[in-house]
Structures are given as structure tokens and as C-alpha cells.
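These notes concern the structure reproduced below.
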Amino acid sequence: MELNVKTLEGKDAGKVSLSDEIFGLDPRQDILARMVRYQLAKKQQGTHKTKNRSEVSRTGAKMYKQKGTGRARHHSARAPQFRGGGKAHGPVVRSHAHDLPKKVRALALRHALSAKLKAEDLIIVDQLVASDAKTKALLGNFATLGLTNALVIGGAELDGNFKLAAQNIPNVDVLPVQGINVYDILRRGKLVLSKAAVEALEERFK
């Protein structure tokens, strides 16, 4: 299929042919959901930790004698039922990541790209280059293209001025093509791809 190419100023810059195998799929919500869950689980720090009874700093001596007090038989003040004691079955440092087959991850990216095209939220621009690192000028260009919430994907190397100009714009993320991912595609309203990014994606899925 063919899609119109725009410049950053909003002018026409010809057309580009998109592969149906990448942008023409019928999006499956279950695959996208699995991929988002995989990404968010991998992103979790998992550094929450509590001290158990072997780690708290309290005496290990028997609290009081075994018999004759009329009270329950206790030993250490480090037991979980006492104030200052260890936590029973508390969280430990661990990884929340789980496995997802490589083919499913690749398929999820293609479904996410297809979903954006189907929703008419995909914009192809000629090149992502700014003459000056001026946020105000880039905001004007984005307003012309109708971008208020977008993920912008450039080629393997991003233009320095464009990257600097875009980094202070709220709700706009800029990534090189090797950083493209399903979660960022779905969390932003529009997806903006440069022609270099389209070529790199088609080469990647060839």
C-alpha cells in the first residue's frame, strides 16, 4: 500500500510504499496485551525487600522462662508476632521478568504498526532534521502536522538539533529506529516514522 509523505513543515513530499506484511495485518489485541505485559514486567525494579526474623537486630535470648508464667511458650523476640520482629513471608529482591518467544515479540511489533495505520494515526515524514535546536520552531511544525501526543521514530542516528528541540516537548517521545517498541507505540496517540525508519523496519522484517 502507498502512503503520503510529509515534510516537517506539512508539505507533500511524494509517496512511500509500505509492506503489507508489516503494516497491513489485522491487529490482534491478545498479542499486543501479551507484549505490553512482558515489557512492563521486565521494567519493574523488584527491589522491594523486608527483613525476616534472621535479619532483624534483636536479642536471640529466650524471652522468659518456659514454665510458671501462665503465658505462651516463646523463645526469640525476633518472631513475626512481636513488635520489632521480622516480617513473615515479606517481599524479597527478585526479577519480575518472564519469557515471551522472540517470534511473538516480532509479531507484536508488526501488529502495533498495523494498528496505527488502520486507525489513521501513522504519519510518514521525509526526514527529521532541524536547522536549529529551537523547541518553539519545532512546536510550530508539530502543530502544522497536528501532533500533540506522538512517538517520533527516526533512523539509526538522530539529528542532534531535532533531538534537543524535541526533548522538552510534553507528550512527545523521540527514539532511533532500533529503540522502537510496542508499549511506546500504543501509549502515544500518533506514530511518526521517517523514511529512513520505514526502510530500516522493512529490512528488519525481510
Side-chain angles (χ1 to χ4, degrees), residues 22 25-116 119 121 148-154 156-158 163-164 166-193 197 200-201 204-205:
I22 303 172
L25 303 179
D26 190 19
R28 280 182 51 182
Q29 299 297 324
D30 59 323
I31 292 178
L32 296 176
R34 285 177 68 186
M35 187 61 191
V36 169
R37 181 172 170 267
Y38 166 82
Q39 281 190 247
L40 293 182
K42 196 172 183 180
K43 196 176 178 181
Q44 277 187 267
Q45 284 187 324
T47 54
H48 50 344
K49 174 77 170 67
T50 57
K51 290 185 177 182
N52 59 37
R53 63 186 294 167
S54 69
E55 295 171 318
V56 294
S57 180
R58 292 194 80 177
T59 178
K62 189 169 174 67
M63 298 180 68
Y64 43 78
K65 65 180 184 177
Q66 179 84 347
K67 290 182 172 292
T69 64
R71 299 181 64 186
R73 299 170 292 186
H74 291 301
H75 172 232
S76 173
R78 300 174 189 165
Q81 65 265 38
F82 298 117
R83 180 171 181 173
K87 177 74 174 175
H89 311 298
V92 294
V93 177
R94 68 185 180 92
S95 170
H96 292 269
H98 58 267
D99 290 333
L100 192 65
K102 188 174 182 180
K103 288 185 177 180
V104 176
R105 284 181 270 153
L107 184 61
L109 180 56
R110 288 157 55 197
H111 276 273
L113 294 169
S114 298
K116 285 298 179 186
D121 287 331
T148 55
N149 187 307
L151 172 65
V152 182
I153 303 294
E157 295 291 335
L158 292 173
K163 186 178 179 181
L164 286 172
Q167 67 184 7
N168 286 331
I169 302 177
N171 300 321
V172 172
D173 298 325
V174 179
L175 294 172
V177 69
Q178 57 267 31
I180 192 170
N181 64 89
V182 172
Y183 177 66
D184 282 333
I185 290 174
L186 297 180
R187 70 190 284 262
R188 293 301 180 199
K190 297 283 186 181
L191 174 62
V192 181
L193 298 176
L201 286 170
R204 176 174 170 179
F205 289 113

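Of all heavy-atom pairs between A156 and P176, the closest is O-CB, 3.9 Å. Taking both residues in full, the closest heavy atoms of P27 and A115 are given as CG-CA, 3.5 Å, listed atom of the first, atom of the second, then distance.
Tested against L32 for a side chain to side chain contact (heavy atoms under 4.5 Å, CB included), the candidates L107, L109, L186 yield a single pass: L186.
Applying the side-chain contact (heavy atoms from CB on, under 4.5 Å) rule to A108 yields the partners I31, M35, V182; only residues at least two apart in sequence or on another chain are considered.
Proximity of L151 to V192: side-chain heavy atoms (C-beta onward) are nowhere separated by under 4.5 Å. In this structure, the side chains of N52 and T50 stay at 4.5 Å or more apart for every pair of heavy atoms. Inter-residue side-chain proximity for N181 and L175 is flagged as met; some heavy-atom pair is nearer than 4.5 Å.
One finds no salt bridge joining D121 and R188 here, because no Lys/Arg side-chain nitrogen approaches an Asp/Glu carboxylate oxygen to under 4.0 Å. Ionic pairing of E55 and K49 is present here: one or more N-O contacts between side-chain nitrogen and carboxylate oxygen are shorter than 4.0 angstrom.
When atom types are taken as modelled, the side chain of R53 and the backbone of R78 share no donor-acceptor pair closer than 3.5 angstrom.
In this structure, R34 CZ and H98 NE2 are separated by 8.0 Å, a value rounded to the nearest 0.5 Å.
Residue pairs meeting the ring-ring contact (aromatic ring centres under 6.0 Å, His included) criterion with at least one partner in residues 63-85, sequence neighbours excluded, are H74-F82.
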